Amino acid sequence: MSLALHCRTIASVLFMFAVMAAPVNNPDHGFCRDCLTFQRGESRRCQRCGSPRLARHRELYRLHLAHIDCDAFYAAIEKRDNPALKDKPLIIGGGKRGVVSTACYIARIRGVRSAMPMFKALEACPEAVVIPPNMEKYVRVGREVRAMMQALTPLVEPLSIDEAFLDLAGTERLHGLPPAVVLARFALAVEKEIGITVSAGLSYCKFLAKIASDFRKPRGFSVIGEAEAVGFLATQPVTMIWGVGKAFNATLERDGIRTIGQLQTMERGDLMRRYGVMGDRLYRLSRGEDVRRVDPDQDAKSVSAETTFDTDIASLDELVAVLRGLSEKVSARLKKSGIAGRTVVLKLKTQDFKLRTRNRQLGDPTRLADRIFQTGVELLRRETDGTKFRLLGIGVSDLSDDDKADPPDLVDVKSRKRAMAEGAIDALRDKFGRKAVETGYTFGRGRDAHPPEPLED
Amino acid sequence: MRVILERSNLLKSLNHVHRVVERRNTIPILSNVLLSAEGASLEMKATDLDLEVTEATPAKVERGGATTVPAHLLYDIVRKLSDGAEVMLKTDEDGNAMTVTSGRSSFRLQCLPQSDFPELSAGSFSHIFRLDSVALKGLIEKTQFAISTEETRYYLNGIYLHTHEVGGKLKLRSVATDGHRLARAEIDAPAGSEGMPGIIIPRKTVSELQKLVDDPDVAVTTELSDTKIRFTIGSVVLTSKLIDGTFPDYQRVIPTGNDKKLILDRQSFAAAVDRVSTISSERGRAVKLSISEGQVTLAVNNPDSGSATEELAADYSSDPIEIGFNAKYLLDVAAQLTGTEAKFMLADAGSPTLIHDMADETALYVLMPMRV
């Protein structure tokens, strides 16, 4: 009896939850992105705080797919950590190579863009402050931001260190607020707690959410609803579609297609005949049809490490030293994640920016620096013909669990010994630090050939 | 060229020859078979630049000559012609096309000039000996399954054929290994093989050779040098490059101190391994053998689907041991054994295990255990 009563109490509590819909006003009036107050009217400023940053959209409270992108991520972090830089144009990048990795918005106004050679950037903006990137720090901050996203919804799909898709469907009851407000609140929280700004895009699909977040950077908040999607896309260039890069754009241009609107008038069969699978994508995305879901466990397909040299290298000896360091890095990551890879991939970029990748499939998956390195050296040896390289990378793909990795081999007795030596090196490094032991390949070499940095959790 | 021959003769020879031709070729001439008519026979030749097969078959040559046509195409045509028919092959005046005529069917095939056809220069051979096909077949079949497919260790991608002295008698041995298992077979060394270099015969050559030695009554003439080998099997001549590498010192791999002897009924063991391995969805899962006095328990555990066990009576009296093997490797070995019983010589769960064929003392298998 008492049990039944108890059950009924729980049921009624659940029932209360179910009907307790989030408080929502007229979406055309929207809410203030600075004080989160729901507005009652169409005044251009917030009735409470006077901010002009109002979020208004007919579908504002119905949309739940978001894309969040940090604004000038590396530069923002450096400015946060050194307020003296706040009002100065700041460029992250450099080394002797000098390519802009990130430019702050002040520098961007002056025409500095990412991937621009440093000398050009400084021509455009001579008074810019240049800081070399501190990846470790950025990774740390990126993880903090991601943790905050994961507090909103379990459906977070990271795209890179500073951007991710979030599906907030069904979180309304948890937060007591519609996704749009949750996003705005999140953006404010990131500014307050982490000290950098983000831009958010809200839509009904990934494709448009990503476009939206890019729309009013920095500190942006854009909404693209279902009703306006086709009309909005019609005027946009085809390059806005995912997968349309330089080469494909040229193909389309040759066929006279420049805007998404042109694609909207074409038949699916026609597009597929012309462009194959890509034609199908063009057909769907041009009409704002995108059913891809937010997948939080995008499994890694490969593990790799690469480095760009300060000066181009042609000599095998020097490349081998770097390769050893990179192989150890890859191996350390594999060991840490309990995975192994069966295909070793060597990547080289020549002085004139031509990319060379070489693959070699192994008999069994490996996680050992030694096997990755030995295979890599063999591939590298065939490429060193006097060509100067600016970049070297090594990685493994074809990933699997490590339970079948590196089985003892009947014939290759030496590799077994080297595997045991590697185990011993790992143990020593665990105990005495990463510089406790290293192989002759990397010992005494420069920055590029160092044994790997300890991994963060 | 204008020749008339029996469809069955043509088909038989083409069947031997066309297999060498790769389905996809970047060099067009390699897709073709070279046909040369001379005297009273038609000779067919195909190559992939590493391996060349030639066969001559009786034909009525009305006009001698030579040309090349797509090998798979010609084979498919001849295969579909009616049995017992006569086939006429005739090239055009200008040599650009060849007509295949049989009964009321007629086909025109585009030709490439025979002068473009690559020659696998065999050079001179240092050793020559004869083997009966049964012996050669044995050397191949007992070891072929263990050939590696791993590109990194290209020198394991074939069968290592060499002579070895056992108790004052010279033996001809074949060995193959992929690092996980090793197979060794031997026969008495034939006259002429003394002092031959140890050679590695590539996998494709081995498999072609195996198909060609099906006829038990044929003697096979083997000629070899450091870089090439040639087998003459009846009317078929197979010439192949050898793998340029050093086969590892396999003797070192064969354990000598394994003291735990396990004897099993071969057929029931193979059937039991096959049964329990049903549960392992992917290949490469381990079968665990728990061996104690008079008994072996086979177990497979697949976290995704379930587990299986089977008990088997065995002749065993050493200390109990647990050891895991790749199920497929056990089945491969079991399929090669000929006697009613199989003998395992074990050391411990981490060391190579030796498997003997009770009916053929010369054949020997080594298996590397898996972690279980």
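Just so it is clear: chains get the letters A, B, ... in the order the sequence lines come, proteins before strands, and each one is counted from 1. Remember, predicted model here, so these are calculated numbers, not experimental data.
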Working for side-chain contact (heavy atoms from CB on, under 4.5 Å), residues B:Met370 and A:Lys404: CA-CA 9 Å; B:Met370 279 175 88; A:Lys404 278 194 222 58; 4.3 Å; yes
Heavy-atom neighbours of B:Asp244 CG exceed 12 at 6.0 Å: no
Over all atoms of both residues, closest heavy-atom pair of B:Gly179 and A:Val411: CA-CG2, 4.2 Å
Residue A:Asp364 versus chain B: region with a heavy atom under 4.5 Å: side chain
Nearest atoms (heavy-atom pairs only) where A:Pro407 meets B:His180: CG-CE1, 3.5 Å
Residue part contacting chain A, namely of B:Thr177, when any heavy atom lies under 4.5 Å: side chain
N/O donor-acceptor pair under 3.5 Å between B:Glu151 side chain and A:Leu362 backbone: no
More than 12 heavy atoms of other groups within 6.0 Å of A:Arg381 CZ: no
Heavy atoms of other groups near B:Lys261 NZ, more than 12 under 6.0 Å: no
Heavy atoms of other groups near B:Lys288 NZ, more than 12 under 6.0 Å: no
Short N-O contact, A:Asp409 and B:Arg153, less than 4.0 angstrom: yes
Residue A:Gln361 versus chain B: region with a heavy atom under 4.5 Å: both
Over 12 non-hydrogen atoms of neighbours within 6.0 angstrom of CZ in A:Arg293: no
